[in-house]
Amino acid sequence: METILQETKNIMKKYNIKANKNLGQNFLINEEVVKQIIKSSQISKEDLVIEIGPGLGTLTKYLLDQAEKVICIELDMKMIKILEDRFSLYKNIEIINKDVLKVDLKNIIKTEQEKGKIKNVKIVANLPYYITTPIIMKLLEEELELESITVMIQKEVADRLIATPSQKNTGAITYSVYYYASSEDILEVPNSSFIPEPEVTSKVIKLNIRKKPAVNVQNKEKMFQVIKCAFMQKRKTLLNSLANNKIFKSKQQGIEILKKLEISENIRPEELTIEQYKKISENL
Ligand code: SAM
């Protein structure tokens, strides 16, 4: 049987494909990694899978065998032609030639749900790294009816996304991800698993979307605004950051709020729990 490496090389040769760096094209050639992604995404015949950036179709092939339906969203026209040829015999594939950031996912999901065949919606992707964060934030913030998001991304970004608030490696985005999802660290993937090799190490992570957000906050936009401003000056204390960024009207107001909430005046932005940010935002 042809290995994924041979298959990839053959397709690239046949269609005269040169990986487009600007589109983050690093094609997966490691069979074990493909299997791990498929296994950890736990797809069943009741699932709609949305694959972002299917490229040459390496993951797609496995997804089509396991899911009720696979919707592929791919920006590169050259890949569309390959996918159409390669999967012409499959009846459960739909291919959308668009920038994923401009796709109305809510509507797509609703349309599929109305057909009555799918129970869960799962995202699976080896993402284009140049837009990892906007894609993940779109998937979370649009509050789509997703069960999980299994993605390969840069290791550095992955570690930040799945960190636990108030522990090491946190950034403002850690709190956003935590609010919407619990996360799993699936697998670290060496550069040699792709052609061409990316410059960074990769990681597969899985975000399991919470049925209810991690905290029950009156105004989530306000809470995230506080978190964003806190992390604008990560090296300063929370008190100074929030006072400098006008979240606290004055340093004195900040001192009073922190005292009321029994939070130390010297605490740093990354040391707070999401619950504490919620309380600050509700006391402004
Ligand atoms: N899934 C394939 C694999 O694992 O070998 C390809 C993954 S490659 C890292 C990322 C893919 O995302 C490429 O096929 C690229 O053309 C596509 N892509 C890049 N920007 C995109 C965008 N804005 N919307 C949809 N797809 C995009």
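Computed from a predicted structure; not experimentally measured. Order of appearance sets the numbers: ligands from 1, and atoms from 1 within every ligand.
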**Report entry** Among K61, K14, K13, salt bridge (Lys or Arg N to Asp or Glu O under 4.0 Å) partner for E7
**Finding:** K61
Query raised in the report: Are any of the side-chain nitrogens in K220 or E143 under 4.0 Å away from the carboxylate oxygens of its partner?
Result: yes
Query raised in the report: Hey, would you say the Y179 and F224 ring centroids sit under 6.0 Å apart?
Result: yes
**Report entry** Within the 4.0 Å heavy-atom sphere of ligand 1, strictly under, residues
**Finding:** L23, G24, Q25, N26, F27, L28, E51, G53, P54, G55, I73, E74, L75, D76, K98, D99, V100, N126, L127, P128, Y130, I131
Query raised in the report: Looking only at atom types and distance, does a side-chain atom of R160 sit under 3.5 Å from a main-chain N or O of T174, one as donor and one as acceptor?
Result: no
Query - Pair N216, K278: side-chain N/O donor-acceptor within cut-off below 3.5 Å - result: no
Query raised in the report: Is there a donor-acceptor contact under 3.5 Å linking the side chains of Q25 and D76?
Result: yes
